[in-house]
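The block underneath contains the structure these notes are about, expressed in structure tokens.
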Protein chains: 2
Amino acid sequence: MTTSRPVTLADVARQAGVSLATASRALNGSARVVRPDLAERVCAAAAELGYVPDPVAQSLARKSSNLVGLIVHDIADPFFSSIAAGAMRVADEMDMVLTLGATGRDPRREIALVTTMKLQRARALVLVGSRLTDDPEAEQRLATELEAFAANGGRVCSVRQPGLPGDVLQPDNRGGARELAAALAGLGHRHVAVIAGPEGVATSEDRLAGFREGLAAAGVDPGSIRVHRGRFDRDGGYAAGAELAADLSPTTCVFALSDVMAMGAVAALRERGVSVPDDVSVAGFDDIPTLRDTVPALSTVRIPLESIGERAARMALENPAPEEPRHVVIPAEVVLRASTAPPRAG
Amino acid sequence: MTTSRPVTLADVARQAGVSLATASRALNGSARVVRPDLAERVCAAAAELGYVPDPVAQSLARKSSNLVGLIVHDIADPFFSSIAAGAMRVADEMDMVLTLGATGRDPRREIALVTTMKLQRARALVLVGSRLTDDPEAEQRLATELEAFAANGGRVCSVRQPGLPGDVLQPDNRGGARELAAALAGLGHRHVAVIAGPEGVATSEDRLAGFREGLAAAGVDPGSIRVHRGRFDRDGGYAAGAELAADLSPTTCVFALSDVMAMGAVAALRERGVSVPDDVSVAGFDDIPTLRDTVPALSTVRIPLESIGERAARMALENPAPEEPRHVVIPAEVVLRASTAPPRAG
DNA sequence: GGCACGTTGGAAAGCGTTTGCCCACCACGG
DNA sequence: CCGTGGTGGGCAAACGCTTTCCAACGTGCC
């Protein structure tokens with residue numbers, strides 16, 4: 001067998017005895033209708049020859065590819081990889097190819113990735129991850145770039161705080177943190193420490209604000225809240241946990257603003273002989289899957305990560321596009337597990 | 001400002017007063033040399049106009065895109081997402097766009113994904129994840145599809161057992177398991193249970209075989225090894241752990257063939273009142289990052305996941321392609337932590 | 001029966017690159 | 001002075017599709 005050149009649409013058209021235009025219209029949806037008998041002939045020919053359309057050529061001609069871009073901060077972080085799994089599923093259910101970009105939390109890389117996807121003529125973009133409240137300029141540039149993306153026919157759905165063009169899926173960070181605060185106060189905690197991300201990370205700020213509100217509502221003096229800041233990842237949590245362990249009293253409860261931070265914090269506390277929840281309670285936020293199985297199981301605020309990924313992808317890919325950008329808030333649910341307990345008497 | 005059509009190569013050529021061909025040769029590497037002064041003019045024009053080449057058009061003309069495909073079983077699994085993070089880094093260091101495919105452990109989806117990436121004219125493919133020893137036919141079809149991919153100029157690097165076209169990066173599953181067995185036997189364990197994946201999952205089989213070898217070498221009766229099989233994920237581990245808990249004696253040590261399985265197993269054991277490592281030791285395999293922080297910290301066999309992702313991507317993207325496909329074995333290293341201890345006296 | 005109109009097929013012009021081929025030009029050797 | 005070979009620019013043909021535009025062919029209406 002000679003190395004066979006791949007079958008092109010021209011081959012199909014010839015075989016079916018019709019023009020290229022007709023073959024194209026018959027095989028790939030088009031506004032134009034072709035007579036049923038012709039359409040039939042074309043399909044038969046395509047099947048017989050084993051024709052498969054060339055996505056690259058289609059992208060060029062249509063000015064739109066079957067790529068959907070997913071942009072996250074760090075794919076190794078379970079928060080993002082869970083969302084990615086959901087988006088993945090939808091993407092290939094819709095026969096789209098998902099591309100992955102990691103920003104490493106650098107706003108400039110984020111913008112660069114959007115540009116790349118614009119050049120690739122991606123059909124849609126799912127943007128996941130907190131913005132920086134203290135870098136409005138970068139946020140503005142990102143918005144501009146997304147506008148450009150949208151102007152080329154791309155759709156956008158971001159999983160983050162509102163403010164960007166396109167649909168927004170926003171976990172209820174503030175509300176969730178508020179409720180968690182209520183729950184912790186309900187357990188009797190009055191001296192709470194918070195392990196937060198760097199100043200300016202919006203997700204972290206929202207959760208912190210909600211938490212403060214909740215505590216205040218429960219009658220806890222907001223001035224008593226100790227806030228430790230660090231990188232918004234496991235190592236940041238670890239560092240903060242170490243600080244805390246060195247000087248714990250009178251803290252009875254630690255709220256880490258994300259599960260991965262909580263994980264690091266717990267590790268640091270434990271290494272220093274502080275027992276959770278006996279000496280101090282710890283709660284996190286996100287409910288990443290792995291922390292359900294740890295000891296003690298982590299109390300947290302549950303966000304349905306995979307389902308967020310799915311919804312985001314679906315919103316971005318859905319046809320037809322809605323006239324108005326949508327803004328949906330994803331409720332967050334407090335789940336208390338073993339890592340929190342009432343403060344030790346005394 | 002009128003909505004400006006993007007700048008094309010033709011614009012640049014006109015501005016520089018040269019032909020399309022010359023502009024193309026000057027801007028994008030080509031075998032042909034262009035006179036320095038012309039090249040200079042072209043670059044100046046490009047810079048002035050803000051020209052950016054259209055990757056889709058380039059893909060069509062060159063028959064090769066700047067996509068690199070990463071195919072994994074499940075991106076939410078830390079094993080795969082860690083590898084993905086490494087591959088990601090290399091991809092965008094090389095200005096490639098990484099696409100992500102998830103097979104859900106279905107060999108047919110795996111093949112379909114390869115086909116998709118072939119149609120996309122991906123430059124390279126990184127395939128991660130165990131093959132099925134009991135489905136040689138699917139393996140053959142996959143190999144065929146990869147040949148086709150390679151025939152179109154694509155490069156392949158697989159992180160799995162050898163047997164596929166292209167480079168192979170193979171964690172030393174067998175050797176690692178063997179050494180782990182030695183270490184566990186060294187602790188004094190004589191009655192061991194193994195939590196394995198489904199029959200036919202090559203990674204699982206390799207580790208099991210290595211483990212048996214190691215135990216045999218240490219003088220443990222291979223007949224005494226109890227093997228529980230289940231899905232090769234957290235839930236499979238949990239189910240097996242539950243079975244084990246119901247009927248533990250005389251087992252003093254459990255080896256789960258992956259960390260995520262170990263995680264499930266530990267959870268199940270604990271829920272049933274079996275304490276690790278007091279009642280039974282548990283070890284895993286892979287050393288996924290999250291399990292270093294758990295209590296007890298999991299003894300395991302360390303595989304450098306991110307670095308494997310990096311190396312795989314680099315091998316697949318490296319220029320020029322080696323004449324011979326490469327086969328490199330990644331050493332695995334036993335790391336004993338708190339989840340393993342000598343068996344209880346008596 | 002003529003005319004306007006709605007349908008539908010086909011020719012061809014894109015889409016934005018790369019590249020095969022021809023040719024002009026120059027340097028050099030005979 | 002002419003032939004020869006090497007260098008490098010430009011034309012135009014790919015690459016494989018979509019879509020515009022035109023023409024042909026009914027149909028229905030007056």
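From a predicted model like this one, the values you see are computed outputs, not experimental measurements.
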Does A:E147 pair with A:K118 as a salt bridge, N-O distance under 4.0 Å?
no

So, B:E137 and B:R141, do they make that salt bridge, N to O below 4.0 Å?
yes

Rounding to a whole Å, what distance do you find between B:N152:CG and D:dG16:P?
11 Å

Rounded to whole Å, CZ of B:R5 lies from C1' of C:dC15 at a distance of 12 Å

Atom-to-atom span, OH of B:Y51 to C1' of C:dT18 - whole angstrom:
11 Å

Just how far, in rounded Å, is P of C:dG16 from CD of A:Q120?
15 Å

Any donor-acceptor N/O pair, B:D74 side chain to B:A76 backbone, under 3.5 Å
yes

Return the 5'-most residue of the pair A:A61, B:D37 with respect to DNA chain D, ranking by each residue's nearest nucleotide.
B:D37

B:V34 or B:A57, whichever maps to the more 5' nucleotide of DNA chain D
B:V34

Is B:R35 near enough to D:dG8 that one of its side-chain N or O atoms lies under 4.0 angstrom from OP1 or OP2?
no

For atom CG of B:L60 and atom P of D:dT18, their distance in whole Å:
12 Å

Assess whether atom CZ of B:R326 is packed by more than 12 heavy atoms of other residues, nucleotides or ligands within 6.0 Å.
yes

Whole-Å distance separating the CG atom of A:N66 from the C1' atom of D:dG16
15 Å

Quick one: list whatever passes side chain to side chain donor-acceptor pair (under 3.5 Å) with A:R105, sequence neighbours left out.
none

Hey, is the side chain of A:R25 pairing donor to acceptor with the base of C:dG10 inside 3.5 Å?
yes

Would you list the atom pairs, donor with acceptor, under 3.5 Å between side chains in residues 92-100 of chain B and any protein atom, with sequence neighbours excluded?
residue, atom, partner, partner atom, Å
B:D92, OD2, A:R109, NH2, 3.0
B:E93, OE2, B:R314, NH1, 3.0

A:L27 CG to D:dG16 C1': how many Å, rounded?
13 Å

Distance check needed: D:dC15 C1' versus A:D54 CG, whole Å only.
8 Å

hbond_proxy B:R32 side chain to D:dG9 base (donor-acceptor, 3.5 Å cutoff)
yes

Ignoring backbone atoms, establish whether A:N28 has a side-chain N or O less than 4.0 Å from OP1 or OP2 of D:dT18.
yes

When you measure from the side chain of A:S65 to the backbone of A:R121, do you find a donor-acceptor pair of N or O atoms at a distance under 3.5 Å?
yes

At a heavy-atom distance below 4.0 Å, what parts of residues 7-22 of chain B sit against DNA chain D?
B:V18, B:S19, B:A21, B:T22

Tell me whether the side-chain N/O atoms of B:Q58 come closer than 4.0 Å to OP1 or OP2 in C:dT18.
yes

